[in-house]
Amino acid sequence: MLNAKTLNEEEFFYGHKACAGCGGSLGLRIALKVLGPKTVAVLPAGCMSAVGFNYPQLCFSNNAIISTFAGTASMCTGVAAGLKAKGITDAPVLGFAGDGGTGDIGLQALSGAIDRNDNFIYICYDNEAYMNTGIQKSSLTPFGASTTTSPAVKGARGNLKTKKNLFEIIATHDIPYAATASIGYMQDFINKIEKASKIQGTKFIHLIAPCPTGWGIKVNETVDVAREIVDTGLFYLAEYENGKFSLTHKPTDFTDVRSYLLKQARFKHLTDEDIEIIVQGRDKKWEKILREW
């Protein structure tokens with residue numbers, strides 16, 4: 001089993017232009033270390049393509065290509081088919097797209113690829129908004145978060161919708177393997193990538209990857225905040241395999257939701273009532289998880 005000590009020391013994603021403390025770039029760096037130099041990476045319009053493809057500099061030492069915003073999964077399908085036609089069996093295909101490019105714009109292509117059971121790994125790095133184009137709300141933006149399209153100004157409460165449950169939506173396709181992960185629990189993330197790489201068909205990992213710019217946290221707090229969202233119970237670490245859900249991490253006691261929220265500028269406006277709504281939503285979700293899983 002791979003860990004921090006045995007992980008590939010070679011760097012496949014480096015010299016990029018990501019913001020300091022970028023959770024997405026950390027997730028991509030680790031994923032490529034696990035999958036190795038023959039990986040073919042497919043990235044749509046978004047933060048990672050914007051910071052990784054800067055002419056004349058390419059920040060990948062492995063093969064990498066930019067897809068259309070909506071077409072990450074369909075391009076992965078084409079790459080996987082091309083490799084198969086050439087008899088290449090040792091080159092993993094990795095789709096790496098944000099929450100907007102996955103849960104909104106790219107969901108149709110991903111659903112179709114899962115239906116065909118095309119052989120690739122798809123990682124959604126979830127920073128909970130369209131960060132690359134100015135911090136606009138996505139369907140994975142949590143309740144109460146202030147974005148440029150759901151601002152907390154003049155009495156407005158920020159985003160009024162709850163976060164789309166993308167992991168369970170993907171699982172309902174009866175996909176061979178799906179998981180959630182967080183860069184705050186890196187060993188769990190590494191384990192899931194390694195496991196996915198050994199499974200035939202379409203694999204999906206939903207990765208929490210905080211954005212200091214969009215979340216309003218310090219650049220050295222990214223990993224800690226990514227750990228806290230799990231410890232508070234606002235995000236869970238789980239797997240779906242062989243038709244069953246299972247937790248890979250089960251907090252014995254949740255840490256303080258208020259502390260987690262109010263250290264982020266995007267949640268500074270929340271009232272006690274707002275925080276209670278969030279806590280109640282968490283408790284309802286965990287009641288269902290513990291009852292059914």
Item to check | Contact summary for C124 and G98, nearest pair of heavy atoms | outcome: SG-O, 3.7 Å
Checklist outcome for this item: Closest non-hydrogen contact found for G233 with R282 is O-CG, 3.3 Å
Next on the checklist: So for atom NZ, which belongs to K218, do other residues, nucleotides or ligands contribute more than 12 heavy atoms lying within a distance under 6.0 Å?
Outcome noted: no
Checklist entry - Do K268 and L261 have side-chain heavy atoms sitting under 4.5 Å apart? => result no
Item to check | Nearest-0.5 Å distance that lies between atom OG in S150 and atom CG in L160 | outcome: 8.0 Å
Item to check | Atom of A181, atom of K192 and distance for their closest heavy-atom approach | outcome: CB-CD, 4.5 Å
Next on the checklist: Donor-acceptor check, side chain of K38 to backbone of P92, threshold 3.5 angstrom: yes or no?
Outcome noted: no
Next on the checklist: Any side-chain to backbone donor/acceptor pair from Q264 onto V225? Under 3.5 Å, distance only.
Outcome noted: no
Next on the checklist: Quick one, T147 and R266 - any side-chain contact, counting heavy atoms below 4.5 Å?
Outcome noted: no
Next on the checklist: Quick check: closest heavy atoms across N117 and P176, and the distance to 0.1 Å?
Outcome noted: OD1-CG, 3.1 Å
Checklist entry - For I275, does its backbone N or O pair with a side-chain atom of R258 as donor and acceptor, under 3.5 Å? => result no
Next on the checklist: Any heavy-atom pair between the side chains of T202 and Y122 that's under 4.5 Å?
Outcome noted: no
Next on the checklist: Quick check against the 3.5 Å criterion: does S146 have a side-chain atom that pairs as donor or acceptor with the backbone of A152?
Outcome noted: yes
Checklist entry - Does the side chain of I30 reach to within under 4.5 Å of the side chain of I190, using non-hydrogen atoms? => result yes
Item to check | Mutual orientation of the aromatic rings belonging to W293 and Y236 [parallel < 30°, tilted 30-60°, perpendicular > 60°] | outcome: perpendicular
Checklist entry - Are N191 and E239 side-chain neighbours, meaning at least one heavy-atom pair lies under 4.5 Å? => result no
Item to check | Donor-acceptor contact below 3.5 Å, side chain D274 vs main chain T271 | outcome: yes
Checklist entry - Sub-3.5 Å donor-acceptor pair from the side chain of D99 to the main-chain atoms of E128, do we have one? => result yes
Checklist entry - What distance do D283 atom CG and I278 atom CD1 have between them, rounded to the nearest 0.5 Å? => result 12.0 Å
Item to check | Value rounded to 0.5 Å, distance of CD1 in I217 from SG in C211 | outcome: 8.0 Å
Checklist entry - Which word best sums up how the rings of H16 and F13 line up, parallel for under 30°, tilted for 30 to 60°, or perpendicular for over 60°? => result parallel
Next on the checklist: Is it the case that the side chain of T232 and the backbone of V257 share a donor-acceptor pair, with hydrogens and angles ignored and the cut-off at 3.5 Å?
Outcome noted: no
Item to check | Minimum heavy-atom distance A50-N132, with the two atoms named | outcome: CB-OD1, 3.5 Å
Next on the checklist: Is it the case that the side chain of E194 and the backbone of L2 share a donor-acceptor pair, with hydrogens and angles ignored and the cut-off at 3.5 Å?
Outcome noted: yes
Checklist entry - Taking the side chain from K137 and the backbone from T149, do they hold a donor-acceptor pair closer than 3.5 Å? => result no
Checklist entry - Are E221 and K263 ion-paired here, with the side-chain N under 4.0 Å from a carboxylate O? => result no
Checklist outcome for this item: Output for pair (L290 CG, K250 NZ), nearest 0.5 Å, gives 5.0 Å
Next on the checklist: Would D231 and H249 count as a side chain to side chain contact (heavy atoms under 4.5 Å, CB included) here? Give the steps.
Outcome noted: CA-CA 9 Å; D231 293 344; H249 174 77; 4.1 Å; yes
Checklist entry - With a 4.5 Å heavy-atom cut-off, do K33 and R29 have their side chains touching? => result yes
Checklist entry - Is it true that a side-chain atom of S25 and a backbone atom of C22 form a donor plus acceptor pair closer than 3.5 Å? => result yes
Item to check | Near-ring test F167/F235, centroid separation under 6.0 angstrom | outcome: no
